[in-house]
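Read the numbers this way: they start at 1 and go in the same order the structure lists the ligands and their atoms.
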Amino acid sequence: MKVIEKKRDEELKGNVEKDLISHLMDTKGDNGNLLTDEEIADSVILLMDDGHDTSSGTMMMLIKYLAEMPDVYQRVLEEQREIISQKKPGEKLNKNDIQKMKYSWNVVNEVLSLFPRIMGTFRKAKVDFIYNCFFIPKDWMIWWTRSSTHNDPQYFHNPEEFDPERFDRDTITPHSFVPIGGGPRMCPGKGKEFARVEILVFLLNLVQNFRRNLVYPDELITLDPMPTSSRGLPIYLNPHSDWSTMRVLTISMQA
Ligand code: HEM
């Protein structure tokens, strides 16, 4: 709350650098009034909470899959090196570079398909309906799960196989690929785009600089209910011997 008060003071003095809190201070709620400080604080906590475990857990599973699949790792590395080789020393990544990370993003999507951080959420039935011979009354809370489509061969060919190219090759049925949900309550656009940028920039920096090996190659991933590594997924980071790390360490995302 103190941070919000300080931001209000700064706004009054005209001394403002726009950030998430200042945007929330300008936002109106469902009742048409500006958000209260409590609502602003709740929204910041919601964003931090929803945005942290989801992205970090996806990165964890990404590291595990890349360490276990050298051919996938090699293709990601080649794609990232190609992008970096076109940059001047010290030049920052931009949106265009992110767009070029097609294979890398397919790999992330495949990780999200097999091990999405969120297994499903609730929806309220708006009307009575019958599903698979079960009568579902209006207003019942229904739990939808991503596994009902991600693991179904009707929607994904060989769903258990790690196959990032399916996202280029196959036509994905609308609403069958739902790691970030669907409909009006799906992971908000900015959250989705933010996650994409942070995961891909992380991936680029990791893959460009290091080869990784899992300390415990057979480490178990358990569901609690989010995918969690049983021993914290420690890894060895070995710098590449054939690539200058100097030029890539400077890379971050351009605003
Ligand atoms: C790989 C990363 C992420 C995954 C897999 C993910 C997944 C999801 C899922 C499945 C939902 C529920 C959607 C639904 O009910 O239809 C959700 C909601 C949400 N996510 Fe994400 N998310 C990610 C990253 C982020 C980030 C980075 C942010 C914010 C910076 C964020 C903010 C939110 C918020 C605020 C909601 C609630 C939306 C609402 O109820 O209206 N997420 N996310």
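Contacts between T58 and ligand 1 below 4.0 angstrom, taking non-hydrogen atoms only, involve the side chain exclusively. Under 4.0 Å from ligand 1, not a single heavy atom of V178 appears.
Between K92 and D97 there is no salt bridge, since none of the side-chain N atoms of the basic residue sits less than 4.0 Å from a carboxylate O of the acidic one. With salt bridges taken as basic N to acidic carboxylate O contacts below 4.0 Å, one links R166 and E110. A salt bridge links R75 to E165: at least one charged side-chain nitrogen sits closer than 4.0 Å to a carboxylate oxygen.
Side-chain N/O atoms of T149 and D152 include no donor and acceptor closer than 3.5 Å. A donor-acceptor contact closer than 3.5 angstrom links the side chains of D168 and N106. Side chain to side chain, T145 and S148 meet the donor-acceptor criterion of an N or O pair below 3.5 Å.
At least one N or O atom of R123 sits closer than 3.5 Å to an N or O atom of ligand 1. Checked by distance only, ligand 1 and G181 stay at 3.5 Å or farther apart across all their nitrogen or oxygen atoms. Residue contacts with ligand 1: S55 is placed with no nitrogen or oxygen under 3.5 Å of a nitrogen or oxygen of the ligand (distance criterion only).
Residue contact check: L47 has heavy atoms under 4.0 Å from atoms 29 (C), 35 (C) of ligand 1. Within the listing of ligand 1, atoms 5 (C) sit less than 4.0 angstrom from a heavy atom of L112. Annotation for ligand 1: atoms under 4.0 Å from non-hydrogen atoms of I118 are 7 (C), 8 (C), 9 (C), 10 (C). Heavy-atom contacts of G182 reach the following atoms of ligand 1: 16 (O) (cutoff under 4.0 Å). Applying the 4.0 Å criterion to heavy atoms of F194 picks out, from ligand 1, the atoms 27 (C), 30 (C). Atoms of ligand 1 found under 4.0 Å from any heavy atom of A195 (numbered from 1 in listed order, with element): 2 (C), 24 (C).
Listed by first then second residue, pairs satisfying ring-ring contact (aromatic ring centres under 6.0 Å, His included) with a partner in residues 59-101 read Y65-F162, not counting sequence neighbours.
Evaluated by nearest non-hydrogen atom to atom 25 (C) of ligand 1, the leading choice among P116, P184, C187 is C187.
The shell of residues lying under 4.0 angstrom from ligand 1, judged by heavy atoms, includes P179.
Every ring pair (Phe, Tyr, Trp, His ring centres under 6.0 Å) that F122 has, sequence neighbours left out, goes to W143.
The shortest distance between side-chain heavy atoms of I98 and R196 falls below 4.5 Å.
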